[in-house]
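What follows is a short report on a single structure.
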Amino acid sequence: MPHQRVSSQSRSTSRRLFLRELAAAALLAGTSNWVRAAHMAGMSMAAGSESMGMGAMGSMLATTPILRHTPSFAGPLPIPPLYAGNRAADGVREYRLAIAAGQAQLSAGLAPTPTWGYRGAILGPSLRIPRGEPIRILVHNGLDQSTTTHWHGAHVPGDMDGGPQSLIAPGRTWHYHYTIDQPEATLWYHPHPNGRTGPHVYAGLAGLYLVQDGSAERLGLPRHYGIDDVPVIVQDRLLDAHDRLVYMPQVMDVMGMKGNRFLVNGRESPVLEAPAGWLRLRLLNGSNARLYNFALSGDRTFYQIATDAGFLEAPVALQRLLLAPAERAEILVDLRHLDGKRLWLRSDSAAVVPSLSTMPMDSDAYDRSVFDLLEIRVGPARAPGGRLPEHLATLANLPEIQRERHFSLQGMMGGMGGGGMAGMAALRKAAAKAPRNGPGGMSMGIGNLPLFTINHLAMDMRRIDFSTTLGSTELWEVVNRAHMAHTFHVHGVSFRIQSRDGREPPPWERGWKDVVLIRRGESVRLAMTFTQPASKAFPFMYHCHMLEHEDNGMMGQFTVVRS
């Protein structure tokens, strides 16, 4: 079945646009009562041929009203190159990354799409980072605008973190140098410019950052990169009629940009040829805002072995695994007796996602359905294969808590021009002024507006929100006061989830993490020890990792200083 293409001009009628503006007005006025706004327009909420039921209204108000299409699985899964760096003249292991524009074939039958990438047209190589060894990473910016590169999940000093203060000007090179001392884990890297993280990641800039300390070999895990140890970077994108990236074509995409094409390692509907045996998938939700409830066809059981920042103590048998943007997980799939068979990695989104918000407009048709992402074709076994260990790691307890902090997350506020229709007009004005200097003329969307807040404060690059002490251990309680789920990410540390609404976290969340999904009304307690310094010039960030929320206020800064 051919793909249906969507243009920003043909995707919605004036009626739909008006309904979205009504909902936005209610939201900007500080209320979720969008139903009242519809009634004010004289629209019945009863189901029928001349009126709209709740489901139809929710679909009409979807953040990205996109057409469904049935993917045709063909073409091999691209495997990002494994890059171990090279020894420089001084003996230090050195990595060189060049950010540049390119063109990528995102799907069969499409014209090449203008994109950005590291050392290639889209995404970047998987960096193999040895624990305990000094390294140097040189990032050259070949774009026509400034950007940064953030080492997400890495325990590095603030001036090496790649946050929004570390802008790399066009034509310049930033030198990072540090030693990683943390457990083996699947981390990643991506841009982090203030107000522009969303479009820069959406344009194609992301890659895996694999910390290695020999644990996989000792455990006997699958470890043949690209064969039975496979990166799976999942992202959604929207294209116009000319196969160019479309970013935030309507103002309500500020609630979270979503698309109708699902890329795995930069390719839509690819096929992985895997040997019969244990298959290790390193899952990264690399989308800007979409959540995936990962599952296998036939409700096949898989085993989670790692969270964002390291191995669990023991494998956890699962049939569903919800990952929010920026969360990672490593899973093992048993293919030992499936030679000649096929199965699919999919998202059972309908089982979870619609309930995460009180606003129907926050979910689209994909959020309310099940859809396939990757086809796995099983071939003959290869020796030597990996195994499923009974025990993976011993996770030490954190030191005694020395301080508690409290954070609350707020959704879109009524401060834009007084809220209501005035706020909607301000959003439209901001969208109209958005530069179109992304790949292929892609819009940079809406950024740097105080729409989302933490502790009722929007991000301000001039403000340090608090300071903590190097070596200290803190307990952070984060409460979601917004109408929808948000994520929470902390730079420079890994944390352990202590509780969710006073209850112990589920087994699959008991490892080291750096991103956590917090449902509406939920309180999550996180414990962490600060081992890296961060100055006022280069502070650490804490923020929502739904990138349009981060870009529009839901972020703060803190320093880590010596006592």
Item to check | Glu313 with Arg510: basic N within carboxylate O range, under 4.0 Å | outcome: no

Checklist entry - Does some side-chain heavy atom of Leu167 sit less than 4.5 Å from a side-chain heavy atom of Pro193? => result yes

Checklist entry - Going from CD on Glu94 to CG on Leu138, what distance comes out if it is rounded to the nearest 0.5 angstrom? => result 5.0 Å

Checklist outcome for this item: CG (Leu205) and OG1 (Thr149) are apart, to the nearest 0.5 Å, by 7.5 Å

Item to check | Flag side-chain contact, heavy atom, 4.5 Å: Leu318 against Phe302 | outcome: yes

Item to check | Donor + acceptor pair across side chains of Thr186, Arg282 (<3.5 Å) | outcome: yes

Checklist entry - Taking atom types as modelled and ignoring hydrogens, do the side chains of His545 and Glu327 form a donor-acceptor contact shorter than 3.5 angstrom? => result no

Next on the checklist: Working to the nearest 0.5 angstrom, can you tell me the gap between Tyr95 OH and Tyr118 OH?
Outcome noted: 16.0 Å

Checklist entry - Do other residues, nucleotides or ligands put more than 12 heavy atoms under 6.0 Å from Arg87 CZ? => result yes

Checklist outcome for this item: The side chain to side chain donor-acceptor pair (under 3.5 Å) partners of Gln235 (sequence neighbours excluded) come to none

Item to check | Check: Gln532 side chain, Gly492 main-chain N or O, donor-acceptor pair, under 3.5 Å | outcome: no

Checklist entry - Take atom CZ in Arg172; do more than 12 heavy atoms of anything else shown fall under 6.0 Å from it? => result no

Next on the checklist: Please tell me whether Phe558 and Phe530 form a close aromatic pair, meaning their ring centres lie under 6.0 Å apart.
Outcome noted: yes

Next on the checklist: Working to the nearest 0.5 angstrom, can you tell me the gap between Leu345 CG and Leu272 CG?
Outcome noted: 10.0 Å

Checklist entry - Would you say the side chains of Thr147 and Asn141 form a donor-acceptor pair under 3.5 Å? => result no

Checklist entry - Can you tell me if Thr113 and Thr115 form a side-chain donor-acceptor pair at under 3.5 Å? => result no

Checklist entry - Of all heavy-atom pairs between Thr559 and Pro539, which one has the smallest distance, and what is that distance? => result CG2-CB, 4.3 Å

Item to check | NZ/NE/NH1/NH2 to OD/OE distance under 4.0 Å, Asp334 and Arg300 | outcome: no

Checklist entry - Does atom CZ of Arg96 have more than 12 heavy-atom neighbours, drawn from other residues, nucleotides or ligands, at distances under 6.0 Å? => result no

Checklist entry - Is it true that atom CZ of Arg320 has more than 12 heavy atoms of other residues, nucleotides or ligands lying nearer than 6.0 Å? => result yes

Checklist entry - Any idea which heavy atoms bring Met257 and Asn288 closest together, and the distance? => result O-CB, 4.1 Å

Item to check | Atom pair CD1 (Ile497) and NZ (Lys513), whose distance is rounded to the nearest 0.5 Å | outcome: 5.5 Å

Checklist entry - Quick one: which of Trp151, Tyr83, Tyr209 gives a ring pair (Phe, Tyr, Trp, His ring centres under 6.0 Å) with Tyr189? => result Trp151

Checklist entry - Do you know which of Glu375, Arg342, Arg346 makes side chain to side chain contact (heavy atoms under 4.5 Å, CB included) with Ser297? => result Arg346

Checklist outcome for this item: Closest non-hydrogen atoms of Glu548 and Asn552, given as atom of the first, atom of the second and distance, are O-ND2, 2.9 Å

Item to check | N/O donor-acceptor pair under 3.5 Å between Asp144 side chain and Pro170 backbone | outcome: no

Next on the checklist: Is the shortest side-chain heavy-atom distance between Cys544 and Leu409 below 4.5 Å?
Outcome noted: no

Checklist outcome for this item: Nearest heavy-atom approach of Gly214 to Glu184 is N-OE1, 3.3 Å

Item to check | Stepwise ring-ring contact (aromatic ring centres under 6.0 Å, His included) check, Tyr542 with Phe407 | outcome: CA-CA 10 Å; Tyr542 56 94; Phe407 303 84; 5.2 Å; yes

Item to check | Arg500 CZ: over 12 foreign heavy atoms closer than 6.0 Å | outcome: yes

Checklist entry - Can you say whether the rings of His491 and His150 are parallel (under 30°), tilted (30 to 60°) or perpendicular (over 60°)? => result parallel

Item to check | Residues Arg196 and Ser146: side-chain donor-acceptor under 3.5 angstrom | outcome: yes

Checklist entry - Does the side chain of Ser166 pick up a donor-acceptor pair with the side chain of Tyr176 at under 3.5 Å? => result no

Checklist entry - What closest approach, in Å, do Pro389 and Pro315 show between heavy atoms, and which atom pair accounts for it? => result O-CG, 3.0 Å

Item to check | Student check: side-chain heavy atoms of Tyr225 and Pro231 closer than 4.5 Å | outcome: yes

Item to check | Atom pair CZ (Arg290) and CG (Leu323), whose distance is rounded to the nearest 0.5 Å | outcome: 14.5 Å

Item to check | Closest contact, heavy atoms only, Asn265 versus Pro78 | outcome: ND2-O, 2.8 Å

Checklist entry - Is a salt bridge present between Arg261 and Asp236, judged by a nitrogen-to-oxygen distance below 4.0 Å? => result no

Next on the checklist: Whether Asp229 and Arg280 form a salt bridge (side-chain N of Lys/Arg under 4.0 Å from carboxylate O of Asp/Glu) is what I want to check.
Outcome noted: yes

Checklist entry - Considering residues, nucleotides and ligands other than Asn397, do more than 12 of their heavy atoms fall under 6.0 Å from its CG? => result no

Next on the checklist: Do Pro222 and Leu332 make a side-chain contact, defined as non-hydrogen atoms from C-beta onward lying under 4.5 Å apart?
Outcome noted: yes

Checklist entry - Which word best sums up how the rings of Tyr247 and Tyr202 line up, parallel for under 30°, tilted for 30 to 60°, or perpendicular for over 60°? => result tilted

Item to check | Cation-pi, Trp512 ring and Arg496 (6.0 angstrom, 45 degrees) | outcome: yes

